[in-house]
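Start at 1 and go down the list; that is how both ligands and their atoms are numbered. Bear in mind that the values here come from a model prediction, so they are computed numbers and not experimental data.
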Amino acid sequence: MEFYDAAEALSRSEIERVQLKRLQKTVERVRRCAFYAERLGAAGVTPDSIRSLDDLRRIPFTTKDDLRSQYPHGLLCTDREEIVRLHASSGTTGSPTVVCHTREDLDSWASLMARSLFCAGVRPADVFLNTTGYHMFTGGLGMHYGAERLGCMVVPSGPGNTKRQLKFIQDFGVTAAHIIPSYALYLAQWLEARDIDPATLPLRIACIGAEPHTEEARRRIEELMHLKAYNSYGLSEMNGPGVAFECVRQDGMHLWEDAYVAEIIDPVTTEPVAEGEVGELVLTTLCRRGMPILRYRTRDLTRFIPGPCACGRVHRRIDRIKGRADDMIILKGVNIYPMQIEQVLMAMPEVGQNYQILLEREGVVDQMRVRVEIKEEFFVEDMRALGAIQKRICSRLRDEILISPRVELVETASIPKEEGKAKRVVDLREKAE
Ligand code: ADP
Ligand code: ZN
């Protein structure tokens, strides 16, 4: 078994020992900021009162609103002078939150990231193209320093300009890339439209993440791009990428338990769910000095995958993120996650690489319209053929989400593709009021 660092080969009991020690230290440390001093004081939590990992449950949760309320520097546990970098979340849902890092924090993040890439099969000899944004978005600098730490030659291309990305891949012999899944699908379509065979490119690994995607989308990316795609999970509040990563077995993402304690709770009762059940992921940082965060409610829904991984790492695995609690659509009394729709669409050969879910209001009734790009070869003049595809999509969607949405077929590349995370759901209901 080949690992990047010794912490990957710890036994279960060793991991738990490290977690407890680091948790006690973190509880001690956060008392330097008024917010946590007060919170923990009110809950009667002192460093001495954390005697086992179960005592974690006595610590109150931290929410996104808490982070917002402490904007920008209320959660610092060091002098401002010790901070060497600031990141802010892209604010997909609401106003941004800020996370500050000391030099040691950046160092440990880079190591976690290097370990993550190694676990997905990236090696020092690889040429690594980073196609995500380099500004406040943590996917840029986070991946960049991780790949550098591992020893790759990094090409910091940033997002957009697909023609230039292709030139970089060809000219610099890019073998591994960080690319968000919706852009990977777009790239595949872009190459196809230009008759460029991805098998002729040197690219062999894609690290895909930062946005929800289905197993079906991953398989598509792998087949169309002729490479292996590995799921990468992280969030700005917990540094960014490098929280959990798929190994070459592609059976869930190893969550680095020497750096984070993970819990999965019922989002309503906040009680832990039964082992293997889906719930909200809650994370506590164990190695952060500048801005440790305790029991952060990620709003991301997943489950622990029970049992050991064939790769030999003991760090527990989380399943593909089902979606964010905030992404849930409630329509006609039915709860629907956008990924349920993607799962149906990406499994159909006629469906192209992009889709959009529109929520509309007609009178007092809410409607869902699913706009689906159809591959060129299926976009024929024959109305009957198109009608049959439309019907089939509609009935498969009904089987999955229990309501019949309107299905609108559109031509390849007709749904606008913006840089960054795809906006799958467009809610037009407010405007209609
Ligand atoms: P924002 O919250 O503004 O989007 P972040 O860049 O911090 O800012 O995004 C983190 C979020 O992105 C996670 O909480 C999760 O919802 C989503 N995410 C990140 N990686 C993945 C992944 N591999 N699969 C699904 N969702 C992901
Ligand atoms: Zn594994």
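Using a 4.0 Å cut-off between charged nitrogen and carboxylate oxygen, K423 and E418 do not count as a salt-bridge pair. Contact check on R320 versus E215 returns a salt bridge, with a Lys/Arg side-chain nitrogen under 4.0 Å from an Asp/Glu carboxylate oxygen. Ion pairing of E277 with R303 is absent here, as no side-chain N (NZ or NE/NH1/NH2) approaches a carboxylate O to less than 4.0 Å. With respect to the salt-bridge test (charged N to carboxylate O, under 4.0 angstrom), the residues E263 and R57 do not qualify.
Residue contacts with ligand 1, taken as heavy atom pairs separated by less than 4.0 Å, involve L235 via backbone and side-chain atoms alike. If you look at K421 next to ligand 1, the close heavy atoms, those under 4.0 Å, all belong to the side chain. Using a 4.0 Å cut-off between heavy atoms, A210 contacts ligand 1 through its backbone alone, with no side-chain atom that close.
Residue pairs meeting the ring-ring contact (aromatic ring centres under 6.0 Å, His included) criterion with at least one member in residues 254-284, sequence neighbours excluded, are W256-H315.
Within ligand 1, the atoms closer than 4.0 Å to a non-hydrogen atom of F137 are 6 (O), numbered from 1 in the order shown. Listed by atom number, the atoms of ligand 1 under 4.0 Å from G209 heavy atoms are 23 (N). The G234 neighbourhood of ligand 1 comprises atoms 10 (C), 13 (C), 19 (C), 20 (N), with distances under 4.0 Å to a heavy atom of that residue.
Within the 4.5 Å cutoff, no side-chain heavy atoms of L358 are placed close to those of M368.
Checked against a 3.5 angstrom limit, the closest N/O atoms of N231 and ligand 1 fall inside it. Of the N or O atoms in D300, one or more lie within a sub-3.5 Å distance of an N or O in ligand 1.
For R115, the salt bridge (charged side-chain N to carboxylate O under 4.0 Å, His left out) partners are D5, D258, not counting sequence neighbours.
Nearby protein atoms of type N, O or S around the Zn ion (ligand 2) amount to 4 (distance under 2.8 Å).
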- Please walk me through it: do R123 and E2 pass salt bridge (charged side-chain N to carboxylate O under 4.0 Å, His left out)? CA-CA 11 Å; R123 291 295 175 268; E2 214 189 349; 3.6 Å; yes
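Looking at every heavy atom in both residues, N239 comes nearest to T138 through O-CG2, 3.1 Å.
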For residues 140-150, tabulate all N or O donor-acceptor pairs below 3.5 Å that involve a side-chain atom, not counting sequence neighbours.
unit_1	atom_1	unit_2	atom_2	d
H144	ND1	Y134	OH	2.7
H144	NE2	E148	OE2	2.7
R149	NH1	D107	O	3.1
R149	NH1	D107	OD1	3.2
R149	NH1	S111	OG	2.9
R149	NH2	D107	OD1	2.9

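When P212, S232, P181 are ranked by how near their heavy atoms come to atom 22 (C) of ligand 1, first place goes to S232.
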